[in-house]
Amino acid sequence: MKGLIFDLDGVIVDTARFHFLAWSKTAEELGYELTEEKNEELKGVSRIDSLKKILSWAGTTIEDEQFRKMTAEKNEDYLSYVDKMTTDDILPGVYDLIADLKAKGYPIALGSASKNAPRILKKTGMYEMFDAIVDGNSVSKAKPDPEVFLVAAEAIQVAPENCVVFEDSSAGVTAAKRAGMIAIGIGDQQVLGHADFVFPDLKEMSVNFIENLENKAK
Ligand code: BG6
Ligand code: MG
């Protein structure tokens, strides 16, 4: 049986826009305007690596102390949005899909870069849905490194080649492919063309599709 690994931000919940709002504010302080297009390169990327990227785009450097301060402020700002979240913030189709897959007996894991994953899952009532939660607190190498997905596969005791990853970020799809897994991109084909399949959102995904996945992957 396949093991299913879900990314969090932008796949289960629409927090990608909160990250964008919070990073836009940080970028503005550095005299840089963060566009939606450039923001694609921050999706799936750890907090530390995200600020490093913004600094390089802004063509500037800061002291370590300032770096710590900026990531802390960004996170505070981000959490002000997160703390208003409820079950209504689960993306369309996601709760029913995961519940149906769970009922069929599929092992289900979270594979997220976020250190805020448990807080978000609890706020949206999704915490209990997962057999394993692997997040930014449990891994040291950020996507596109495959570590987060390999640790998740081990946690649900499924071989990597039998795992299916649901991802909205380019870095995450690269990580899943490097882990030797089937990658299902959730979002824009232009951004996620390196995934095995791309769906605009999880509304279009069905248990039937997963059941018939054998030999469909590239
Ligand atoms: C990923 C998001 O899921 O988590 C990134 O796509 C974010 O935008 C990363 O930077 C780390 O999240 P957090 O919540 O620990 O800052
Ligand atoms: Mg994501």
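Both counts, for ligands and for their atoms, begin at 1 and track the order of listing.
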the protein heavy atom lying closest to atom 6 (O) of ligand 1 turns out to be Gly44 N, 2.8 Å
Establish whether Val45 and Ile5 are linked, either directly or via other cluster members, by ILVMFWY side-chain heavy-atom contacts under 4.5 Å. no
For the Mg ion (ligand 2), find the closest N/O/S atom on Asp168 and give its atom name. OD1
Of the listed options (Val45, Asp135, Asp9), which comes nearest to atom 5 (C) of ligand 1 when hydrogens are ignored and any heavy atom counts? Val45
Could you tell me whether ligand 1 has any atom less than 4.0 Å away from a heavy atom of Ser50? yes
Side-chain donor/acceptor of Asp135 to backbone N/O of Ala113, under 3.5 Å: no
Enumerate the atoms of ligand 1 whose separation from the nearest heavy atom of Arg47 is less than 4.0 angstrom. 10 (O), 11 (C), 13 (P), 15 (O), 16 (O)
May I ask you to check whether over 12 heavy atoms, not counting those of Glu73, lie within 6.0 Å of atom CD? yes
As an exercise, state the distance from OG of Ser50 to CE of Met70, rounded to the nearest 0.5 Å. 13.5 Å
Is it true that Asp89 and Lys84 have a side-chain N and a carboxylate O under 4.0 angstrom from each other? no
Heteroatom test (N, O or S) for Asp7 near the Mg ion (ligand 2), limit 2.8 Å: yes
Counting both backbone and side chain atoms, is some N or O of Lys115 under 3.5 Å from an N or O of ligand 1? yes
Once you measure the plane-to-plane angle for Phe199 and Phe209, does it fall in the parallel (<30°), tilted (30-60°) or perpendicular (>60°) bin? perpendicular
Is the NZ or CZ atom of Lys102 both under 6.0 Å from the centre of the six-membered ring of Tyr106 and within 45° of that ring's axis? no
Using a 4.0 Å heavy-atom cut-off, say whether Lys43 meets ligand 1 through its side chain, its backbone, both or neither. backbone
Take the angle between the ring planes of Phe6 and Phe166 and call it parallel below 30°, perpendicular above 60°, tilted in between. parallel
Determine whether the side chain, the backbone, both or neither of Leu42 has a heavy atom under 4.0 Å from any heavy atom of ligand 1. backbone
Suppose we only allow N, O or S atoms; which atom of Asp9 ends up nearest to the Mg ion (ligand 2)? O
How does Ser114 reach ligand 1, if at all, at less than 4.0 Å between non-hydrogen atoms: by side chain, backbone, both, or neither? both
